[in-house]
There are 2 protein chains.
Amino acid sequence: MVSGKEMAERQTVTVLDVAREAGVSVSTVSRIINGTVKVSEDKRLAVEEAIRRLEFKPNLFARSLKKGTTMTIGVLTQDIESPFFTRVMSGIEDGLLGSGYALIIVSGHWDAAEEAERIRLLIARRVDGLAILTGHLSDTQIAEFARSQPIVVTGRRIDAPNVRSVFFSHEEGGYLATRHLITLGHRKIAFIAGPPDHADAVSRFEGYRRALAEVGLASDPSLVVQGDFYENGGVFAMNRLLDSGAQFSAIFAANDQTALGARMVLSRRGVRVPDDVSLVGFDDLPTSAYLTPPLTTVRQPLFEVGQFSASLLLEMLGNPRKTLTLPPLELVVRETTRRI
Amino acid sequence: MVSGKEMAERQTVTVLDVAREAGVSVSTVSRIINGTVKVSEDKRLAVEEAIRRLEFKPNLFARSLKKGTTMTIGVLTQDIESPFFTRVMSGIEDGLLGSGYALIIVSGHWDAAEEAERIRLLIARRVDGLAILTGHLSDTQIAEFARSQPIVVTGRRIDAPNVRSVFFSHEEGGYLATRHLITLGHRKIAFIAGPPDHADAVSRFEGYRRALAEVGLASDPSLVVQGDFYENGGVFAMNRLLDSGAQFSAIFAANDQTALGARMVLSRRGVRVPDDVSLVGFDDLPTSAYLTPPLTTVRQPLFEVGQFSASLLLEMLGNPRKTLTLPPLELVVRETTRRI
DNA sequence: AACGAGTTTGAAAACGTTGTCAGACTTGGC
DNA sequence: GCCAAGTCTGACAACGTTTTCAAACTCGTT
């Protein structure tokens with residue numbers, strides 16, 4: 001249903017109107033607004049009163065034009081609906097709170113060309129800083145973009161001027177998850193992979209293999225099946241794995257969303273978790289603690305990554321904030337894994 | 001972990017540089033960029049070449065200043081992490097695709113004062129249009145804000161100049177969900193409510209009562225328990241309900257997140273869904289289809305609400321797009337409900 | 001009473017665009 | 001060839017700020 005009426009009006013009060021109203025010059029008004037120079041008490045009062053009465057709101061665009069700064073941070077996310085990315089964005093939002101910077105958010109949908117286009121859009125809008133949440137851009141492209149403004153990039157390591165990166169060793173995380181299963185006595189451990197062109201996904205797989213190798217196990221190709229980091233990929237992967245007839249007592253899913261999809265298939269096909277099969281995810285999304293049963297997973301401190309990125313950006317922009325420390329990856333043992 | 005190096009550089013190519021490079025005047029350059037007037041072929045080529053060579057990017061701020069339009073839409077969401085809101089935002093993003101408008105997103109966190117402050121921030125940034133996703137602002141406040149620019153508001157009905165609203169009858173949705181349970185033979189149906197100051201939450205409750213009344217049942221206060229629209233509220237509510245010893249064979253949760261929390265408690269306390277108790281949610285969030293078992297719920301076409309809002313906004317801004325129709329609320333029967 | 005050294009103030013020049021206006025070219029008809 | 005009617009084109013004034021710069025005030029000293 002829809003409702004509404006029409007109308008148009010757009011008064012525009014400028015600093016000149018305020019000046020006239022208060023009987024001073026525009027320069028004085030500007031000085032009072034920005035507090036750059038001392039002005040006499042009576043004029044200050046008059047101007048403040050005039051501002052209030054006229055409901056004057058400085059035009060940020062004119063200001064940006066003059067000062068060359070826009071008080072805007074651009075964020076390139078991949079998917080505005082992904083709980084993974086929104087958790088990070090929430091941290092960025094929090095980290096920027098009170099700094100006066102606003103957020104422009106664009107999505108790249110995991111497509112390098114689209115990402116590049118969106119970033120150009122942000123640069124055209126003269127954002128003061130840029131946060132890039134993973135994605136498929138090449139290091140050189142990012143370094144190139146960093147010539148226009150400082151960049152913080154999460155989930156990957158880039159060494160370039162004017163770029164900071166925030167990342168974890170996903171290899172280590174994959175190792176942690178797999179070793180947990182091994183410690184519980186599992187030996188036949190399946191892996192549902194993420195996108196093969198996603199560096200983190202690959203690293204998690206490497207960690208999985210290292211943990212297996214450490215106890216003298218080779219990774220069995222028939223136990224590795226492809227997912228896509230989304231629920232639906234987990235569904236397909238799990239079905240394929242079960243249909244293949246391969247034997248396994250545990251599954252390591254490359255991320256929580258994949259685990260969720262896999263979990264649904266298991267339940268539907270009568271495989272109990274954790275009684276018949278143990279399941280580990282990766283990320284610790286906010287909802288993962290509410291699954292049935294609550295999911296064992298490797299926690300990425302996503303919110304903190306966001307906060308941290310924001311503070312790095314602020315620092316690069318010359319607005320130092322209290323420095324934060326980033327917590328490490330850690331295994332969160334809940335109820336989807338069990339000793340064999 | 002962090003990495004990065006330092007550097008600073010910010011060349012700024014203006015239309016003047018381009019004009020000089022191409023041997024024409026700035027007006028000509030502007031005309032070519034905006035295609036407002038025909039210019040001779042040779043100059044056009046020269047200018048285009050110069051633009052390419054200098055990597056000229058017009059300063060949108062200067063342009064905004066001159067034209068009085070910013071090509072920016074502000075979105076006030078409540079919680080950037082809520083799958084409910086991000087689904088709508090995703091629709092808005094989609095609906096705005098290719099229109100040249102960018103999105104500035106701010107969160108109000110369900111607090112009227114914070115919402116008002118964030119909206120003022122957006123207005124200060126001279127957004128051309130505003131989308132307000134539910135929230136606690138009063139109708140008068142919204143009408144007041146609409147004096148600066150057109151507004152679309154979702155999830156509530158407001159009749160005011162320059163405001164369009166997109167909403168559903170949540171009473172009807174609550175009725176649908178409850179009647180479904182009644183049809184399956186349930187009579188003792190518990191309700192986990194949403195925030196009492198949230199209009200939709202209240203309407204859903206009213207629908208619940210209407211459906212009960214229709215078959216001659218009064219709503220039993222001991223079966224109504226308070227939630228907060230989040231998973232955690234569902235957890236508390238479910239625990240309280242079970243502890244109270246009240247008898248029921250079905251639960252209608254005021255939204256999917258609440259249902260998720262309730263589901264977890266049921267599972268943990270050995271109550272099987274749907275064998276012992278049926279469960280219905282509201283919203284049909286993207287993950288609800290992947291729960292174990294998949295959740296029966298009332299589908300709100302959130303993505304479409306976003307698209308629709310975007311097209312209304314575009315229309316109010318004088319950029320008519322193809323008109324869309326909004327699908328209605330509908331019951332999605334999955335596997336958490338069962339005949340008694 | 002006159003002199004500086006400070007302090008406040010206002011006029012005016014940016015910032016990078018767009019759009020008006022009028023001038024300088026084209027045409028083509030005679 | 002000449003003139004009117006079209007085309008293109010360039011100068012320049014906005015848009016609403018901030019920020020020089022220098023003028024106009026203060027005072028406290030002599």
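Numbers restart at 1 for each chain; the letters A, B, ... are given by sequence-line order, proteins then strands. Quick caveat: nothing in here was measured; it's all calculated off a predicted structure.
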Could you tell me from which nucleotide to which nucleotide of DNA chain C, 5' to 3', there is an atom under 4.0 Å from chain B heavy atoms?
C:dG16 to C:dT20
Between B:Leu65 and B:Val39, just flag the one whose closest nucleotide in DNA chain D comes earlier from the 5' side.
B:Val39
List the residues meeting salt bridge (charged side-chain N to carboxylate O under 4.0 Å, His left out) with [X], not counting sequence neighbours, and say none if there are none.
| X | result |
| --- | --- |
| B:Asp111 | none |
| B:Arg20 | B:Asp17 |
| B:Glu48 | B:Arg44 |
| A:Arg156 | A:Asp139 |

Tell me every residue that passes ring pair (Phe, Tyr, Trp, His ring centres under 6.0 Å) with B:His136, counting only those two or more places apart in sequence or in another chain.
B:Trp110
Across all chains, not counting sequence neighbours, the ring pair (Phe, Tyr, Trp, His ring centres under 6.0 Å) partners of B:Phe145 are none
In the 5' to 3' direction, the nucleotides of DNA chain D bounding the stretch that comes under 4.0 Å of a heavy atom in chain B are D:dC8 to D:dG16
Residues of residues 23-31 of chain A with any non-hydrogen atom less than 4.0 angstrom from an atom of DNA chain D: list those, numerically ordered, please.
A:Ser27, A:Ser30, A:Arg31
B:Thr28 vs B:Ser25, test: side chain to side chain donor-acceptor pair (under 3.5 Å). Steps then yes/no.
CA-CA 5 Å; B:Thr28 303; B:Ser25 75; 3.2 Å; yes
Has the side chain of [X] got a donor or acceptor atom that lies under 3.5 Å from a matching backbone atom of [Y]?
| X | Y | result |
| --- | --- | --- |
| B:Asp128 | B:Ile73 | no |
| A:Ser82 | A:Asp79 | no |
| B:Thr72 | B:Thr70 | yes |
| A:Ser165 | A:Ile158 | yes |

Can A:Ser309 and A:Arg164 be counted as having a side-chain donor-acceptor contact under 3.5 angstrom?
no
Using only heavy-atom distances, determine whether the side chains of B:Gln78 and B:Thr134 contain a donor-acceptor pair under 3.5 Å.
no
Evaluate B:Asn34 against B:Thr36 for side chain to side chain donor-acceptor pair (under 3.5 Å), listing each step before the verdict.
CA-CA 5 Å; B:Asn34 297 287; B:Thr36 44; 5.6 Å; no
Axis-to-axis angle across the helix from C:dA1-D:dT30 to C:dC30-D:dG1, five pairs each end, nearest 10 degrees, ~ 60°
Show the atom names and distances, to 0.1 Å, of all donor-acceptor pairs under 3.5 Å that link a side chain in residues 94-103 of chain A to residues at least two apart or in another chain.
| from | atom 1 | to | atom 2 | distance (Å) |
| --- | --- | --- | --- | --- |
| A:Asp94 | OD2 | A:Gln307 | NE2 | 2.8 |
| A:Ser99 | OG | A:Leu96 | O | 2.5 |
| A:Ser99 | OG | A:Tyr101 | N | 3.2 |

Tell me, which of residues 40-49 of chain A have any heavy atom that sits under 4.0 Å from an atom in DNA chain C?
A:Ser40, A:Lys43
